[in-house]
Amino acid sequence: MNTGRDLHRTKAGPHLPDAALVHTDADEMARAIYKSVNGEIRLALPLGLGKPVTLINALTRVAAADSALKLEIFTALTLQRPSPASDVE
C-alpha cells in the first residue's frame, strides 16, 4: 500500500515526498521504485553486509517480467581499497 502521492520529477531527479511511502508488498515497492527512476536501476551490493534480500528479489522478478526495465547488479563490492602484497598485484 502506498500513500497515493506521486513523485514529481525535477531536473535533478524525482522530488521526494514530504512523508515516507509505505508498502506492504515487496513487488509493489519494486514497481514503485522502477517508476520513480524511469525504469533503470544500477544496484551495488557490498560483500558481507546485510542486504534487503526480499526487495532485491522483487526488483529482479519485476525486471525479468518486463523487458522495458533495466537492472544492473554489481555484487561482492568491498568497502575498502585492497592492499596489494607486491607490485605484481
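Along the sequence shown, the residues carry numbers beginning at 1.
Remark: Leu21 CG to Glu28 CD distance equals 10.0 Å, nearest 0.5 Å. Atom NE2 in His23 sits 10.0 Å away from atom CG in Leu55 (nearest 0.5 Å). Taking CD from Glu40 and CG from Leu71, the interatomic distance works out to 10.0 Å, rounded to the nearest 0.5 Å.
In this structure Ser67 satisfies the side chain to side chain contact (heavy atoms under 4.5 Å, CB included) test with no other residue, sequence neighbours excluded. For Asp66, there are no salt bridge (Lys or Arg N to Asp or Glu O under 4.0 Å) partners two or more places apart in sequence or in a different chain.
Just one of Ile73, Leu43, Leu69 meets the side-chain contact (heavy atoms from CB on, under 4.5 Å) condition when paired with Leu59; it is Leu43.
Taking each heavy atom of Ala26 and Ala58 in turn, the nearest pair found is O-CB, 3.4 Å.
The side-chain hydrogen bond (donor to acceptor under 3.5 Å, both in side chains) analysis of residues 52-63, with sequence neighbours excluded, yields the pairs Asp27-Arg61.
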Residues Asp25, Arg31; criterion side-chain contact (heavy atoms from CB on, under 4.5 Å); working and verdict:
CA-CA 10 Å; Asp25 178 79; Arg31 286 188 291 277; 4.3 Å; yes
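At least one donor-acceptor pair under 3.5 Å links the side chain of Lys51 to the backbone N or O of Pro46.
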